[in-house]
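Shown next, in structure tokens, is the structure this report addresses.
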Amino acid sequence: MDLEASKKDSNYISRKELYLIRKEKLLKEIQSAERLMEKDVEPLRIADEFIHGMFKLMEDGITRRNSNLSKKEIDKKIREILTFTEKIKKNRIRGKDHWQK
């Protein structure tokens, strides 16, 4: 098996393809933002709906993986995930000192 066949088998995306995907995604986001601005939708409402959707996706994912958990247990798992994420953010090395080491 040559390299090209190997790349196709592993769903390899070239840099150019990745660039085009990102470019298209950015254009869609700009068009979406323009539509929202035309409708005079408040940014806080958009953010609230986005955050609510994120929590709903997390809840659905946990429920799919652990169908035996109660609503209270699912909420506890979400809090654990958020706490873990905060710990990771706090422990990151930040600033220009990071690059000097």
* Asked: Who passes side chain to side chain donor-acceptor pair (under 3.5 Å) against Asp75, sequence neighbours left out?
  -> Lys71
* To do: Find the distance between CD (Glu80) and OG1 (Thr85) and round it off to the nearest 0.5 Å.
  => 11.5 Å
* Any side-chain heavy atom of Asn68 sitting closer than 4.5 Å to one from Asn66? -> yes
* Give me the other members of the hydrophobic cluster that Leu44 sits in, counting Ile, Leu, Val, Met, Phe, Trp and Tyr linked by side-chain heavy atoms under 4.5 Å, directly or via other members. => none
* To do: Could you tell me which residues satisfy side chain to side chain donor-acceptor pair (under 3.5 Å) with Ser70, sequence neighbours excluded, listed by chain and number?
  => Glu73
* Crowding at CE, Met37 (>12 non-hydrogen neighbours, <6.0 Å) -> no
* Structure fact -> To the nearest 0.5 Å, atom CZ of Phe55 lies from atom CD1 of Ile81 at 10.0 Å
* Any pair counted as salt bridge (Lys or Arg N to Asp or Glu O under 4.0 Å), so long as it reaches residues 32-56, sequence neighbours left out -> Arg45-Glu49, Lys56-Glu59, Lys56-Asp60
* Can you name the side-chain contact (heavy atoms from CB on, under 4.5 Å) partners of Ser67, sequence neighbours left out? -> none
* Which atom of Leu18 lies closest to which atom of Ile13, heavy atoms considered -> N-CG2, 3.6 Å
* Inter- and intrachain pairs under side chain to side chain donor-acceptor pair (under 3.5 Å), touching residues 17-26, at least two apart -> Ser14-Glu17
* For the hydrophobic clusters of this structure (ILVMFWY residues joined by side-chain heavy atoms under 4.5 Å, transitively), does one cluster hold both Leu82 and Ile51? -> yes
* Asked: Leu27 and Leu36: same hydrophobic cluster, using ILVMFWY side-chain contacts below 4.5 Å?
  -> no
* Report the residues that fulfil side-chain contact (heavy atoms from CB on, under 4.5 Å) with Thr83, sequence neighbours left out, ordered by chain and then residue number. => Lys87
* To do: Each residue besides Ile88 in its hydrophobic cluster should be listed here, by chain and number; the cluster joins Ile, Leu, Val, Met, Phe, Trp and Tyr at side-chain heavy-atom distances under 4.5 Å.
  => Phe84
